[in-house]
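Note sheet for the following structure.
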2 protein chains.
Amino acid sequence: MTAPLDLDQLQSFCAIADCGSFTEAARRVNKTQSAVSMQIKRLEERLGHPLLSRDGRTVALTEHGEALYSRARRMLRINFEIMDHFSDGDLKGSIRFGVPDDYAVRLLPVILSSFQRTHPKIVVDVRCQPSEELLEGMKKGKYDLVVFTQGTNHEYGELFRTERMFWVASHGGQALSTEPLPLAGGLHCCWKDNAVEALNRIGRDYRIAYTSSNAMAIASAVLTDLAVGFLPESALQPGMRVIAEDRDLPRLRDAEIAIMRASHAYGGIYDALASHIVASMGNLDGRDALPMAAE
Amino acid sequence: MTAPLDLDQLQSFCAIADCGSFTEAARRVNKTQSAVSMQIKRLEERLGHPLLSRDGRTVALTEHGEALYSRARRMLRINFEIMDHFSDGDLKGSIRFGVPDDYAVRLLPVILSSFQRTHPKIVVDVRCQPSEELLEGMKKGKYDLVVFTQGTNHEYGELFRTERMFWVASHGGQALSTEPLPLAGGLHCCWKDNAVEALNRIGRDYRIAYTSSNAMAIASAVLTDLAVGFLPESALQPGMRVIAEDRDLPRLRDAEIAIMRASHAYGGIYDALASHIVASMGNLDGRDALPMAAE
DNA sequence: TCCCGTTCATCAAAATTCGTGATGGGACTT
DNA sequence: AAGTCCCATCACGAATTTTGATGAACGGGA
């Protein structure tokens, strides 16, 4: 039996892909830069192809690197799943965790119930803010771990879930047929750019009718027919009507949900929470890239 | 970052689970028995739970072992997928490959096209026989690699696919309402036991009306309304009618497709073919056991 | 343009890990 | 009861990996 790949190497590889840097990746995986460098060297030798193109200061995935990345991620996710399952409740500490409030509704039950059950000694300090503010807060050292939606300014983090975005209106409301189209969205919400860009693309007129950083407020605006909203699948609420995309409204780009950690937040309790979230909510473990031959 | 698990250990673990023996597993993964033993020891220490119950001469998976097994398999499958993708066409040799003829129809195109494209120097010698004969042939050293359907006599091999079994008849035929029910099936076909057992369970009378080790012959018998057949999903053919299970016919057990290797057939070209088959046809990589918490 | 800081590759030595072969004990067979 | 098969253990040696230092390439700022 040909020996299987070394997950440790793959982890380093993925870390590099995620943060675009050997040095930073080394910090994340608790190794020296040279160790990571040699791991990648061995991995490339093993597979017989360069995986990362070191071009000046930037490190990018080669075509083969891309192919490897998605598979390696899948393996690491399963690895997480296992670790999560077998970790006894002996970890202790506290984690400052940030999440957009629209997602909090979904995440909190998962975290508080199953995570607290398996890790009763870990205190999770939850704060809700819009994605952009979460990332700012992370830079200022206010968070250890943050779940956010990837905006146009591509922040580095581990992508673990994508969701369909939908246009929504109230049942039987008028907002949809109003001209210009009244929109409701978070002020700095990265989905807004998505929606606005999509509307510009087809030349549809619109106006921002309602803005708030509170997801409930947006939802209310939609439900009371004040405006049309744009929400990810999991934020849909009863009473909302999903607009088919073949109307005058264009298809929205999928929302990409990622997890980001402070540079110190690797290992131990942070892994436990991160892997728990990824295992519970991730939808990318499966068939995101099945036909390998087709690549 | 807590170090990830060692795939090499997991491979040994799975090998033991597959063949129920440390010693035999060691042979398969090209290690000594003591090496494998120590690997498992380290793995169990790492996860904090016994994974295998050594009870006298038999080795069985513990509950935790079961949980680990399916995940480890998934990881190994992805590992295979990667190896398959990156292996250049530099492997050479020949493989004596056996497959039941009903499956050959499905497998041959896959193997001959994509496999031969990526491994032009490997000659695959295909022989078609019923599963039982394949296993006999394997014992006699006539095959290196065999794909077969698990019968009641549980042979050890790596399970990589399950398929729904269906009762089939010809469109508009009489066979279905004939008493006793005329059946068509392979003489030693392990599905026959499945079908017969299922019929006995509900006390339905039957007779074996037609028997052949050739799948085409069975198919013809069904299509010409000579008898009712029982086939896995992938062997269904146009012109056949699938009988709903709520009729007088009981639900059949799923067919379990496994791969078995001669003891020498590990590594190199054998891995290449086996992983290719598993990657192309396996349907067990996905969500076979998603809710880990529920276990 | 010329530094200076950063980044990645490389090297030899050190440390760690891992596998081997021999050995022992327990269980099933005959 | 002897023989056989199987797994656990141990000490030693081999192979692999990490480290810390160093060098080379690149880019930004003055």
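All values derive from a computational prediction rather than experimental measurement. Labels below follow one simple rule: chain letters A, B, ... track the order of the sequence lines, proteins then strands, and each chain is numbered from 1.
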**Request:** Kindly indicate, with the supporting measurements, whether the criterion side-chain hydrogen bond (donor to acceptor under 3.5 Å, both in side chains) is fulfilled by Thr162(B) and Glu256(B).
**Result:** CA-CA 5 Å; Thr162(B) 64; Glu256(B) 311 199 309; over 6 Å; no
**Item:** Short side-chain N/O contact from Arg42(B) to OP1 or OP2 of dG19(C), under 4.0 Å
**Value:** yes
**Prompt:** What's the CG-C1' distance between Asn30(A) and dT16(C), to the nearest Å?
**Reply:** 17 Å
**Request:** Figure out the CE/P separation between Met38(A) and dG20(D), and round it to whole Å.
**Result:** 15 Å
**Asked** Under the 3.5 angstrom rule, does the side chain of Thr62(A) hit a backbone N or O of Pro50(A) as a donor-acceptor pair?
**Response** yes
**Item:** Footprint string (nucleotides 22-30 of chain C, 5' to 3'): B base within contact, S backbone only, - free, heavy atoms under 4.0 Å
**Value:** B----BS--
**Message:** Quiz question: by atom type and distance under 3.5 Å, do the side chains of Thr23(A) and Gln33(A) form a donor-acceptor pair?
**Reply:** no
**Request:** Side chain of Lys41(A) only, please: which of dC7(D), dT10(C), dT20(C) is the nearest?
**Result:** dT10(C)
**Asked** Taking side chain as C-beta onward, heavy atoms only, is Phe22(A) less than 4.5 Å from Leu52(A)?
**Response** yes
**Request:** Indicate whether any N or O donor in one side chain lies under 3.5 Å from an N or O acceptor in the other, for Asp18(B) and Tyr69(B).
**Result:** yes
**Request:** State the CE-CG distance between Met75(B) and Leu5(B), to the nearest 0.5 angstrom.
**Result:** 5.5 Å
**Prompt:** Looking at the side chain of Ser37(A), which of dT18(D), dT10(C), dC10(D) is the nearest nucleotide?
**Reply:** dT10(C)
**Item:** Aromatic ring proximity, centroids under 6.0 angstrom, His85(B) and His64(A)
**Value:** yes
**Message:** So Ile122(A) and Lys92(A), do their side chains get closer than 4.5 Å, heavy atoms only?
**Reply:** no
**Message:** By the 4.0 Å heavy-atom rule, please label Val36(B) as base, sugar-phosphate, or nothing.
**Reply:** nothing
**Request:** Whole angstrom is fine here: how far is it from CG in Asp8(B) over to P in dA15(D)?
**Result:** 17 Å
**Request:** Tell me which of Gln39(B) and Ala35(A) sits closer to the 5' end of DNA chain C, going by the nucleotide each one is nearest to.
**Result:** Ala35(A)
**Request:** Using whole Å, report how far CZ of Phe22(A) lies from P of dT10(C).
**Result:** 10 Å
**Message:** Is it true that Tyr143(A) and Gln129(A) share a donor-acceptor pair across their side chains at a distance under 3.5 Å?
**Reply:** yes
**Request:** Output yes when at least one side-chain N/O atom of Arg54(A) is less than 4.0 Å from OP1 or OP2 of dA9(C), else no.
**Result:** yes
**Request:** Check whether any side-chain heavy atom of Asp6(B) lies under 4.5 Å from a side-chain heavy atom of Leu43(B), and answer yes or no.
**Result:** no
**Message:** Show me the dot-bracket string of DNA chain D, counting Watson-Crick or G-U pairs under 3.5 Å, with | for pairs to another strand and [ ] for crossing ones.
**Reply:** ||||||||||||||||||||||||||||||
**Prompt:** Taking CD from Gln11(B) and C1' from dG19(C), how many angstroms apart are they, rounded to a whole number?
**Reply:** 15 Å
**Complete:** To the nearest angstrom, the CG-P distance between Asp6(B) and dT16(C) comes to 19 Å
**Interatomic distance where CD belongs to Glu45(A) and P belongs to dA9(C) [whole Å]** = 12 Å
**Message:** Closest-nucleotide mapping onto DNA chain D: is Ile40(B) or Thr32(A) further toward the 5' terminus? I mean the 5' end.
**Reply:** Ile40(B)
**Message:** By nearest atom, which of the nucleotides dT20(C), dT19(D), dC7(D) is closest to the Lys31(B) side chain?
**Reply:** dT20(C)
**Item:** Between P of dA9(C) and CG of Leu43(A), the distance in whole Å
**Value:** 13 Å
**Prompt:** Would one find a side-chain N or O of Thr23(A) under 4.0 angstrom from OP1 or OP2 of dC8(C)?
**Reply:** yes
